[in-house]
Number of protein chains: 2
Amino acid sequence: MLKTTMKIDDTVTILKLLGDKTRLTMMKIMDHYDCCVCELVEIFKVSQPAISQHLRKLRDLGLVKEERRGQWIFYSINKTHEYYPFIEQILQQLPSQADKLKALEEQGTRISCC
Amino acid sequence: MLKTTMKIDDTVTILKLLGDKTRLTMMKIMDHYDCCVCELVEIFKVSQPAISQHLRKLRDLGLVKEERRGQWIFYSINKTHEYYPFIEQILQQLPSQADKLKALEEQGTRISCC
DNA sequence: TAAGTATATAACTATTTGCTTATGAATGTA
DNA sequence: TACATTCATAAGCAAATAGTTATATACTTA
């Protein structure tokens with residue numbers, strides 16, 4: 001059990017971000033795999049701007065980091081974030097979302113950029 | 001570290017409820033003290049219906065339970081809830097809100113009903 | 001029983017949120 | 001250079017949210 005003391009306001013901000021199915025699932029996925037935007041678009045069946053906007057909120061808080069690789073921008077969880085242990089604790093209790101990535105591979109979409 | 005596996009949808013619902021400063025603070029307080037509605041109204045400086053509506057959302061999910069004691073209705077955390085360990089894990093990392101109750105006592109408001 | 005206190009619910013409102021489409025900027029390639 | 005692809009941003013919209021005031025319900029007490 002962690003013993004971090006978290007500020008209430010910070011905690012509220014983080015929980016609000018995680019309290020969205022798309023973002024929570026994205027975080028769970030990105031906890032294990034770097035993802036480019038187009039993969040996430042495929043997975044969640046929403047528009048590309050919708051994904052970008054979710055990523056922006058996560059990035060604005062520093063919860064994820066981006067890294068350009070040529071044409072693509074890959075996102076991953078920022079494990080150096082002050083509250084990463086807190087977030088990790090939550091993500092660890094969620095079921096693996098590896099099936100979603102597997103579905104992409106089978107469908108051939110993931111290969112397109114990774 | 002807990003190893004519970006939580007459904008994504010359930011987790012989202014809970015995090016959404018906790019992602020509100022009033023509700024998160026209420027939960028932290030109720031984790032240690034039974035509270036009647038009027039106390040919470042005093043603490044949060046919002047209208048009584050606002051508090052009742054927050055409590056209803058928490059109660060609808062079973063996260064808190066109510067108990068009438070005469071004229072008052074006391075709310076407390078439902079420690080038998082399937083996901084209570086998950087919630088407790090979050091609450092434990094928050095700073096104590098005991099000062100808010102102490103302020104009530106000094107102000108004489110808490111005594112009125114407890 | 002009548003009046004007072006505590007709480008819940010209903011109705012309304014302003015703000016926030018998550019999505020969409022349209023468009024711009026950055027990179028890769030013919 | 002021209003064109004295609006990837007991603008970000010802007011603008012607009014519908015739904016959700018958190019608050020308010022008004023009112024109903026339940027209990028206590030004079």
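A note on names: the letters A, B, ... follow the listed sequences, proteins ahead of strands, and every chain is numbered from 1. This structure is a prediction, so every number in the text was calculated from the model and none was measured. Worth knowing before you read on, the calculation uses all heavy atoms, side chains too, and leaves out hydrogens, waters and symmetry mates.
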* To do: Measure the distance from CD on B:Gln71 to P on C:dA8 and round it to the nearest whole Å.
  => 13 Å
* Whole angstrom is fine here: how far is it from CD in B:Glu39 over to P in C:dT5? => 18 Å
Which atom pairs, donor and acceptor, lie under 3.5 Å between side-chain atoms of residues 55-65 of chain A and protein residues at least two apart or in another chain?
| from | atom 1 | to | atom 2 | distance (Å) |
| --- | --- | --- | --- | --- |
| A:Arg59 | NH1 | A:Glu66 | OE1 | 3.2 |
| A:Arg59 | NH1 | A:Tyr75 | OH | 3.3 |

* Could you work out which one of C:dA8, D:dC7, D:dT6 sits closest to the side chain of B:Ile73? => C:dA8
* Mind running a 4.0 Å heavy-atom check of residues 43-56 of chain B against DNA chain C and sending the residues that fall below it, in number order? => B:Gln48, B:Pro49, B:Ser52, B:Gln53, B:Arg56
* Does the side chain of B:Tyr75 get closer than 4.0 angstrom to OP1 or OP2 of C:dA6 through an N or O atom? -> no
* Presence of B:Arg68 side-chain N/O under 4.0 Å of C:dT7 phosphate oxygens OP1/OP2 -> no
* To do: Please work out which residues in residues 15-26 of chain A have a non-hydrogen atom less than 4.0 Å from an atom of DNA chain C and list them by number.
  => A:Lys16, A:Asp20, A:Thr22, A:Arg23
* Distance-only polar pair, side chains of B:Tyr84 and B:Asp31, donor-acceptor under 3.5 Å -> yes
* Heavy atoms only: give me the nearest B:Asp34-B:Ser76 pair and the separation to one decimal. => OD1-CB, 3.3 Å
* To do: Just say parallel, tilted or perpendicular for the rings of B:His81 and B:Tyr83, cut-offs at 30° and 60°.
  => tilted
* Length of the line joining B:Glu66:CD and C:dT7:C1', which is rounded to integer Å -> 10 Å
* Structure fact -> Separation of D:dT6 atom C1' from A:Glu42 atom CD, nearest Å, is 13 Å
* To do: Give the nucleotide from the list D:dT17, D:dC7, C:dG18 with an atom nearest to the side chain of A:Lys57.
  => C:dG18
* Check: A:Gln97 side chain, A:Pro95 main-chain N or O, donor-acceptor pair, under 3.5 Å -> yes
* Asked: Among side-chain atoms of A:Glu88 and A:Gln92, is any donor-acceptor pair under 3.5 angstrom?
  -> yes
* Kindly say whether B:Cys38 contributes a backbone atom to a donor-acceptor pair with the side chain of B:Glu42 at under 3.5 angstrom? => no
* Asked: Does atom NZ of A:Lys102 have more than 12 heavy-atom neighbours from other groups under 6.0 Å away?
  -> no
* Asked: Just how far is it from atom CG of B:Leu101 to atom CD1 of B:Ile29, taken to the nearest 0.5 Å?
  -> 5.5 Å
* To do: Take the protein atom NZ of A:Lys65 and the nucleotide atom C1' of D:dC7, then report the distance between them rounded to whole Å.
  => 20 Å
